[in-house]
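Naming: A, B, ... by sequence-line order, numbering from 1 per chain.
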Number of protein chains: 2
Amino acid sequence: MTEPSRSQDIRIVAVALFYERGYHGTSMREIAARLNMRAPSLYNHLDSKQQLLQEIMTNDVELITREVSDAIATSQDVITRFRRGFEAHVRHHTRFARESRICMTELAALEEPAQSEVREARRRYAEIWRALIVQAVEQGRASTANPHLAANAIIDLGIGIARWYRADGPLTEATLAGTYSDFALNLIGTQKGN
Amino acid sequence: MTEPSRSQDIRIVAVALFYERGYHGTSMREIAARLNMRAPSLYNHLDSKQQLLQEIMTNDVELITREVSDAIATSQDVITRFRRGFEAHVRHHTRFARESRICMTELAALEEPAQSEVREARRRYAEIWRALIVQAVEQGRASTANPHLAANAIIDLGIGIARWYRADGPLTEATLAGTYSDFALNLIGTQKGN
DNA sequence: CCTACCGATCGGTAGG
DNA sequence: CCTACCGATCGGTAGG
């Protein structure tokens, strides 16, 4: 049975094309062509183009939430939690740069009710960062005046990476995660080495 | 003569719609409808849909480059230059949040050679930030280990603002610029109060 | 998995 | 500024 791998192939090609040309700039015929198929054959593996977009976006936001939650859970120390969480955040945006950018860029192309669900999932993700920074400030380990804005800044640093990071470039994921963690720790007003 | 204001109206509506639905998700008929016109009438004021996108993107990247260059030129002190430049950077992304987001999001929809020109203009803009951070480090006023990555981070902090800032929200532009300047100064390893 | 094809919509032109 | 209309392309279905 080639069924599950075929569906997977379609999703991979869809990610590549939505990333390169955007959702509305990509046709089902183009997706099919990259798989040496005709467009109608795709519909043996999926319901609609919308469903494809929805799966990509939902998967991505759920994945990063899980990755960061898991990373944060590995320590009791708030600064260690912050650093490990942020490294997971950065790594996600390097490893899934295309998915992340689609999530950021194509939200308007996602129809309701899926759009609201993704927005809500993102809001919950941001809440993790807000809570963590508030906790760090309360414990006197960080000094930012505005944890809410700091959380936005932290998230945007990661999102930005998906804009310019190239896996085939000279910059390794580990170097990037390390350097950016220093940025993030500085930003919220901790001292390096914590 | 209603000519120049009409062209301006069209550009304003195009910005609003490209922002809301994306370039490929917006039809010329929709742009016309918001102006109580029919689509063919638009072509008395413009050559093509592409031209509309190109003007929006070129204008925006040239404007932010001018704004930040001017802000930087008002001081000799490298940290003051950095802070004033960054405040201009932040203010641009609040005042022109829609244009900025279109620039970020719709680059793939811009055809060549315009796309390469915008990419090049953006590269020059990033170069301003790299040079400024390198200078700050050389003068011992900042301590970041990687000015190139720091410049990316600084730019991404601004871009991120365009993602979530709402002019009708409780957060004023001045508060945001002030708080974010602290973030940026911390990030590159200066001490507050410089 | 394919061919054949549907109605809808696209950017843009002709002509006034 | 409009109506009328062009060829191209879209997502998706029928039927095998």
**OP:** Return no unless some side-chain N or O of B/Arg38 is found under 4.0 Å from OP1 or OP2 of D/dC1.
**Re:** no
Could you tell me the separation between the [atom1] atom of [X] and the [atom2] atom of [N], rounded to a whole number of Å?
X: A/Asn44; N: C/dC2; atom1: CG; atom2: C1'; answer: 10 Å
X: A/Arg29; N: C/dC2; atom1: CZ; atom2: P; answer: 13 Å
X: A/Met28; N: C/dC5; atom1: CE; atom2: C1'; answer: 17 Å
X: B/Glu111; N: C/dG12; atom1: CD; atom2: P; answer: 9 Å
X: B/His45; N: C/dG12; atom1: NE2; atom2: C1'; answer: 15 Å

Original post:
What would the secondary structure line of DNA chain D be in dot-bracket form, counting Watson-Crick and G-U wobble pairs under 3.5 Å, with [ ] for pairs that cross earlier ones and | for pairs with another strand?
Top reply: ||||||||||||||||
**OP:** Determine the contact category for A/Ser27: base if any of its heavy atoms lies under 4.0 Å from a base atom, sugar-phosphate if only primed atoms, P, OP1 or OP2 are that close, otherwise nothing.
**Re:** sugar-phosphate
Original post:
Is it true that A/Glu120 and A/Arg124 have a side-chain N and a carboxylate O under 4.0 angstrom from each other?
Top reply: yes
Original post:
When you check the gap from the basic side-chain N to the acidic O, do A/Glu87 and A/Arg84 get nearer than 4.0 Å?
Top reply: no
**OP:** Pull out every residue in residues 13-23 of chain B that has a heavy atom closer than 4.0 Å to any atom of DNA chain D, ordered by number, or say none.
**Re:** none
Original post:
Are the side chain of A/Thr26 and the backbone N or O of A/Leu17 linked by a donor-acceptor pair below 3.5 Å?
Top reply: yes
Subject >> Candidates D/dC10, C/dC10, C/dC2 - which lies nearest the side chain of A/Met37 >> reply: C/dC2
